[in-house]
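Naming convention: chains lettered A, B, ... in sequence-line order (proteins, then strands); numbering from 1 in each chain.
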Amino acid sequence: MADLLIELFSEEIPARMQKRAAEDLKSLVTNGLVDAGLTYASAGAFATPRRLALSIEGLLDASPTTVEERKGPRVDAPEKALEGFLRGAGVTKDELEIRDEKKGQVYFAKITKPGRPAAEIVAEVLEATVRNFPWPKSMRWGAGSLKWVRPLHSIVCLMTREDGAEVVPLDIDGITSGNTVWGHRFMSSGSFKVTSFDDYATKLKQNFVVLDGAERADHIWHDATNQAFAQGLEVVEDKGLLAEVAGLVEWPVVLMGEIGADFLDLPPEVLQTSMKEHQKFFSVRNPKTGRIEKFVTVANRETKDNGATILAGNQKVLSARLSDAKFFWENDVRTVERDGMEAMSAPLANVTFHNKLGSEAARIARIATLAEEIAPIVGADPAEAATAAKVAKADLSSEMVYEFPELQGIMGRYYSQKAGLPDVVADACRDHYSPLGPSDEVPSEPVSVAVAMADKLDKLTGFWAIDEKPTGSKDPFALRRAALGVIRLLITNDVRLHLDRFIDSQLLLHKIAEADENDGVIDTLKEILDEIAEHGVFGAAFDAISDKLSDAQKDAVNQAAGNVPDTSEDLLSFFHDRLKVFLKDEGIRHDVIDACLAMEGNDDITLLVKRARALQAMLDTEDGTNLIQGFKRANNILSQAEEKDGVEYSFGPDLKFAEVAEEKALFAALDAAEEAIKPAMKAEDFTAAMSAMAAMRPEVDAFFEAVQVNADNDIVRRNRLNLLGRIRDICLSVADLTRIES
Amino acid sequence: MSETVDKPRSFQEIILRLQAYWAGKGCAVLQPYDMEVGAGTFHPATTLRSLGSNSWAAAYVQPSRRPTDGRYGENPNRLQHYYQYQVLIKPSPPDLQDLYLGSLKAIGIDTELHDIRFVEDDWESPTLGAWGLGWEVWCDGMEVSQFTYFQQVGGHDCHPVSGELTYGLERLAMYVLGVDHVMDMPYNDPQAPIALSYGDVFKQTEEEYSRHNFDVANTEKLLSDFVNAEKECHAILSVEHMDPKTGKRIIMAHPAYDQCIKASHIFNLLDARGVISVTERQAYIGRVRALAKACADAFVLTEAGGWKAETESA
């Protein structure tokens, strides 16, 4: 058994790549070793800004010898065949064995592959790993052609056994392996030799390198929170920043500094973003006031002045940065206080949202119209929703958001407050982008909900109108996320609305924007738009006014907007696809959703989800599963009979033709179920409806057990088929159970 | 706590020390290129010399112009005309990081007291069709240099790879000298009989050029100048390689590249004048890049670009 230490020492590796690189090093090397027959007990990988390291314990000293048996030609086969076999197997004729087989005597060869010493395999595997390392971006340097993330300087490849350590010889484009390690770039006194992984980690620490990234991160966090705590403050948690900072230093030294008094009144998000993005500082907050009062920076070295020079330098850079931020903030606030948010959003008229979808200003106007329409449905004041939509994106033209795009929305809220707008409007500025990801919080304030919905629906209908839909892995405008956002807004807030109607009207708005003024069709389209509010969809709205239109006008409408129904249907099915993905995570099967999609009103997402959840819950019960089987059986018998007889058995069975007790019992069960299901469906209480349906199960089962449907007596047979027809009707009134897969 | 390193006292002393340092490390100390450029990289000593197989080591100061950064000399850190110090060594030596750190010591930055960091920064110049990997170098949280290993220039893979160092001289000097406003920085020795600040030298020109660049530069003339430079560049490159007068093969990569530099600067001016829309912007950048690529294509056919007579006959 041996232990293996590998270190790849290079110039500074980008922080964001280190963790993954350590994992890749581990899996590439260990997989390579195992593939070659070298098993091991355990492995651990590490990264610092200047090195990747791998420690493998309990590695075999050599790969095992393997013996492979290979069947050759028959003894009476032509000489040529035998020659070929000998060549392929690498054996001589007298090494062959002859065995009797059914078809005659056959040659067999035993091919022995001797095991190879571990060092040989390690050298091969490591070289292949270095040459094919999956860096996100790699480069060449000097006159060579080797690629690495930054210039690679040295390789340690050392096998340690009880009797000592030995360097595994390796030469990759002139970089030879050894046992020499360099410490910290500035604090270490130079290089040193190592004999094992433990020796390596210990000597690294003596030379001011903490090898383990997690240990560096822990140290930073521990030290930072302690220093903050000592002053009654707290560090704002930021795991991403912590990981990044830990990847920028080999010897972390935490320093806490002051933010100049001039800057303390900036919004905390501005301080935080500026410090994080530009300087990679942590923010330190006063828990009593919520204000950001100090910062923490992490240096890569100790100094004899205990970091005083470093801290002073950092403070100075921060002041310059925050002076810029303060300048932006004051300019922006001056603009909105003097001239309102409209003044801030005015330049958006000249900003293109998309070259086929017009300016940001045009988009904002459409969103405002839609938000105003959605408002009453979600319980928002229409005027407030419209106002909020009009100002929600104003901050895109603020100086602060130009500098820090990630502050969009957040700044809008501050500026709206400064402009004297109501809090619900200001909050909508911040919240209307939400929800962004599948776990992002969903806004619940009605005005925010209205604007957030309108924002996403306008985006989706816009890109559908110009046929820029997501394909495969390409979704440059994040339309899947937008659709999921709409779905979550509806479900979380229990909003009931027919998407069709809003999709149609918004698509039509895009068509109006696109239409040629000279065609004189715009007024007609606007009339249809007004009618959609009344009639629900484009087609019905068009029919409602078509009497007044000349044939030429009708043609013009068809030309300009005739594809609205198809586009709308396509977008709705996109929503349904997103919904399936979303509900799958909830454990709702796709066929359950299909069964609900087939029902009326499937553009009401909230209703759809309620139905699907209830159906899934029913299917999760034993009664439910059995009932589905009963339903399927009834449906199969019916389909066959209906096909054979050429009639539909939906007349309603008559109790007086019922012959056996189980048959009569089913009548009663169906009556009871129907009585419960009808009001439950009316009240959209799907759970009640589904359990009433599932409650029929014993009688349905008993019926099939005891009764032969296709009785000899035709009247009895027809009555029974009609009875099955009732089962089918009742079940299908709840969901299209034919779609459920068994 | 006093630093152990001997500190420079003026802007020019920092430049002189860098010149002496890199000269001592074997670089040819060149003079600035005599044209308006946006950055030291545009100097043909970098752009063109990073191409081809010939070795190269050069260091120089390059006055650089970014018309959009004009602030009439009011802003403490922003200037439309500033200086970059540029070092280009091909092939990049294995100890380039150490050489660089040595240069910081030379200008008075004591690495025992300061925190020097190499922070990922991939460099890309869309106008030059160039990219490389490297870092921005931080000193106590401030970016003091760009450090790049060129991978591609003018659409050509760099073989061997050049190591490029770029120091933003004003910012670096302000830090070393402890000055808060660039105009207050001593330009020559503050003890000199006639001590001049950076403002004494440049405040006037910053004002003048800011006004000119933002409001006065004749955009119609600039637009036609751009087209003319573009045409001229292509015209120069399309001339027969064989010079009938001397009977020599003379490819005029440098004169053509001058026109590329010119077009690039005109584009920057037009940008500052605000007459280029977002969509047009990309198109203009693409046109400059096309020129840079054409010049690079030509340069690699010259002897300085690594071309050898026998390669063409083969």
- Task: Report yes or no: does B:D140 contribute a side-chain atom to a donor-acceptor pair with the main-chain N or O of A:N314 at less than 3.5 Å?
- Result: no
- Query: Taking the side chain as C-beta and beyond, is there a heavy-atom pair between A:W141 and B:L96 under 4.5 Å?
  - Reply: no
- Rounding to 0.5 Å, atoms CD (A:E11) and CD (B:Q97) come to a distance of 3.5 Å
- Task: Check each atom of A:S138 against the heavy atoms of chain B and say whether the ones under 4.5 Å are side chain, backbone, both or neither.
- Result: backbone
- Task: Taking all non-hydrogen atoms of both residues into account, name the closest pair between A:A143 and B:P91 and its distance.
- Result: N-CB, 3.7 Å
- Item | Rounded distance [0.5 Å steps], OG1 in A:T297 versus CG in B:D115 | 7.0 Å
- For chain B, the option from A:P14, A:A15, A:G142 that forms the most heavy-atom pairs under 4.5 Å: A:G142
- Message: Is it true that, when you exclude B:K203 itself, more than 12 heavy atoms of the residues, nucleotides or ligands shown sit nearer than 6.0 Å to its NZ?
- Response: yes
- Kindly compute the distance separating CD (B:Q151) from NZ (A:K147), expressed to the nearest 0.5 Å. 7.0 Å
- How many angstroms lie between OG in A:S323 and CG in B:N75, if you round to the nearest 0.5 Å? 9.5 Å
- Query: So with a 6.0 Å cut-off around CZ of B:R78, is the heavy-atom count from everything else above 12?
  - Reply: no
- Query: Does any heavy atom of chain A fall under 4.5 Å from the side chain of B:I116, the backbone, both, or neither of them?
  - Reply: both
- Task: Heavy-atom distances under 4.5 Å only: say whether A:M17 touches chain B with side chain, backbone, both or neither.
- Result: side chain
- Under 4.5 Å heavy-atom distance to chain B, tell me which part of A:H278 shows up: side chain, backbone, both or neither. backbone
- Pairs of heavy atoms under 4.5 Å with chain B: top-ranked of A:K316, A:R150, A:Q279: A:R150
- Relative to chain A, which segment of B:Y175 carries a heavy atom at a distance below 4.5 Å: side chain, backbone, both, or neither? side chain
- Task: Kindly determine whether A:R16 and B:E120 satisfy salt bridge (charged side-chain N to carboxylate O under 4.0 Å, His left out), including the steps that lead there.
- Result: CA-CA 9 Å; A:R16 67 190 169 93; B:E120 178 190 13; 2.6 Å; yes
- Verdict with supporting geometry, A:R140 and B:H159, side-chain contact (heavy atoms from CB on, under 4.5 Å): CA-CA 9 Å; A:R140 293 172 286 107; B:H159 256 302; 3.3 Å; yes
- Item | Full working for side-chain contact (heavy atoms from CB on, under 4.5 Å) between B:D98 and A:R185 | CA-CA 10 Å; B:D98 290 333; A:R185 184 189 280 286; 3.9 Å; yes
- Task: Just do the side-chain contact (heavy atoms from CB on, under 4.5 Å) check on A:K304 and B:L113 with the steps written out, would you?
- Result: CA-CA 7 Å; A:K304 54 181 187 276; B:L113 276 181; 4.2 Å; yes
- Item | Toward chain B, the part of A:V149 with a non-hydrogen atom under 4.5 Å | backbone
- Item | Partner chain A: residue of B:V119, B:D122, B:N77, B:I89 with the largest heavy-atom pair count (under 4.5 Å) | B:D122
- Query: With a cut-off of 6.0 Å (strictly less than), are more than 12 heavy atoms of other residues, nucleotides or ligands near CZ of A:R131?
  - Reply: yes
- Let me see the working for A:L248 and B:W138 under side-chain contact (heavy atoms from CB on, under 4.5 Å), right down to the final yes or no. CA-CA 11 Å; A:L248 287 172; B:W138 285 17; 5.6 Å; no
- Item | Intermediate values then yes/no, salt bridge (charged side-chain N to carboxylate O under 4.0 Å, His left out), A:E12 and B:R117 | CA-CA 9 Å; A:E12 276 74 359; B:R117 229 87 73 68; over 6 Å; no
- Message: Working to the nearest 0.5 angstrom, can you tell me the gap between B:H114 NE2 and A:I310 CD1?
- Response: 8.5 Å
- Most heavy-atom pairs under 4.5 Å with chain A, out of B:S55, B:S53, B:C158, belong to B:C158
- If you count the non-hydrogen atoms of other residues, nucleotides and ligands that lie under 6.0 Å from CD in A:E277, is the total more than 12? yes
